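Reviewing the structure listed below.
What you see is a predicted model, and the numbers here were worked out from it, not measured in a lab.
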Amino acid sequence: MKENKVYQQKHPNPMFSRKNIYLMDGEWEISIDGGAWQKIRVPYCPESALSGIGHTDFIGRCRYRKKFTVPEEVKGDRIALHFGAVDHRAEVYVNGSLAGSHSGGYTPFSFDVAPLLREGANLLEVEVTAAVKKNVPTGKQSQKRESFGCFYTRATGIWQSVYLEGTPAHFMQYVRFVPDVAGCRVRMEVGAVGEEEFSAVVFYEGKEVGRTAGKFVHKGEFTVDLSEKHLWEVGCGRLYDVELRFGEDTVYTYFGLRDVRFDGYKFLLNGKSVFQRLVLDQGYYPDGVYTPSSEEVFEQDIRRAVGLGFNGARLHQKLFDPKYLCLCDRMGFMVWGEYASWGMEYYDLDGLGNFIGEWREAVERDYNHPSIVVWCPLNETWNDLDDETKPRDVRFVEAVYDITKILDKTRPCVDVSGGFHCSRTDIADFHCYEEFDVLKKRMENAIAGKPDFLNMYREGEGISYGGEPLHLSEFGGIRLNSGKEEGGNAWGYLTANGEEAFADNYVKTIELLYGYEQLCGVCYTQLYDIEQEANGFFTYDRQPKFSEKVMERIRAANEMPAAIEKQNK
């Protein structure tokens, strides 16, 4: 099992991996807006330096092509062509024939291309249509030619791995794990094509701790009693490895034994009150835009956050790579599962179907990750970004919240981070980038049951605070004025003149926030600078902006026990 685990961690989708795959990353060709063909390094978007192109102007359409020969290890009854993410609409052709199409810039898709393949050389082509300014989720991608404010370089086309995968005619499509901490067991739902004998063997650190077997057609449900209980906790990502067999098909996966819920104001992880000490991570990289130069960058960013005393992150306005989430699972690092909701016109219900379709794919992809402790599909559903006279339609937010709870009944969901909230949410979440005295006053009002954070509730909708747990999911955003030369457009929400002033204000703010028993968590903006937004603990290329002494003060403040945690004693 150890050999399988090492292999699995290198798979583009560690949560659902088979051995017989062929990775197609590397050198391709691309034509941008009908221009000449040029070489591109996949899976890096053409806007990035790592792609070898660095074309940062608008791209309306682009076409990829790659010649390949199918290796023997993936030949079988079915050969699936997988794409981790392509922004935004992709039409895929194999040897001139349409294999299929997909819309949505952040979610995976695949097609069975076995009927279209030939012996020897094959030609794969991908026609991509970009979608900025089209009422679809685009996150922080700039709708202007250049980056500005909190909008950054666009990421068009292929930005996650492409691979071939061979399976038998009867194969597994998905597995969903529902851990039962109290019962020391796990329930699993398996979807498949065909009818076959099924078995599941569960291991912990190589030792078998449970198994089940049976026969089913298309869908089966099984419960495995575990002989050993190892809880997934903060800083201790104790994972159970699972080998699934369905006829001749074998899949390797894993799960964490943990449960999450709210009890009053308290966020409970395995029944214990845990204060969410989060930092904002937007998943941008200076040389790769949406895609880092290597998987090691994922782990380094997590370790940077942990080293500053944070126990999790808001993965902001983007669906992160499965390999990043796998590391969060292994390292016991809590995250909020979000989506790239900016770009949607919240006043226009015509776009609701598109958003829900993509969000459903995101939840289904990431359902099994124990590190995801809260779903957060939307962010700041205020007026339209380009026209403040167009207010959001509250039904948009309510529909997304309801769909999320249908898709996953095991996790809390915040309807929208920062407001405007709708009539249903599991968390009363708010943002505040104001000075300490204003934050303190607003917090005191919130604790008194009358939160007045900007844009938290919209007047006239009849919606107000209903006593939900309080969470401050964006604050800080402070630019360090160190006296060193910075770009003329570098900015932050606030400015600190020198690192000691920054540290004094940070410690004072954390001490204030941690003292409220009704507050279940906070999230600081942000882990690292991004392009012109200079309010991170680290620069965009991940260099520390503070001395070790100041970093230690920040870490010590973050690690202080919060008032709500003291209720465990």
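Between Phe420 and Asn455, some side-chain heavy-atom pair lies under the 4.5 Å cut-off.
Counted by atom type alone, Lys318 and Gln282 present zero donor-acceptor pairs between their side chains at under 3.5 Å. At a cut-off of 3.5 Å, with distance as the only test, no side-chain donor of Thr153 or Tyr284 sits close to an acceptor on the other residue.
For Phe430 and His421, the distance between ring centers is not under 6.0 angstrom. Residues Trp232 and His369 place their aromatic rings such that the two centres sit no closer than 6.0 Å. Between Phe222 and Phe198, the gap from one ring centroid to the other is short of 6.0 Å.
A salt bridge is absent between Arg154 and Glu47; no separation between the charged side-chain nitrogens and carboxylate oxygens falls under 4.0 Å.
Residues that satisfy the salt bridge (Lys or Arg N to Asp or Glu O under 4.0 Å) test with Arg360, not counting sequence neighbours, are Glu364. Judged as a ring pair (Phe, Tyr, Trp, His ring centres under 6.0 Å), and not counting sequence neighbours, His170 has no contacts. Glu361 is linked by a salt bridge (Lys or Arg N to Asp or Glu O under 4.0 Å) to nothing, counting only residues two or more places apart in sequence or in another chain.
Between Phe355 and Phe396, the angle of the ring planes lies from 30° to 60°, which puts this pair in the tilted group. Classified by interplanar angle (parallel below 30°, tilted 30° to 60°, perpendicular above 60°), the ring pair Phe310/Phe537 is tilted. Ring orientation note: the planes of Phe177 and Phe255 are tilted relative to one another, at an angle of 30° to 60°.
Looking at Arg261, Arg411, Lys409, Lys405 one by one, the single match for salt bridge (Lys or Arg N to Asp or Glu O under 4.0 Å) with Asp426 turns out to be Lys405.
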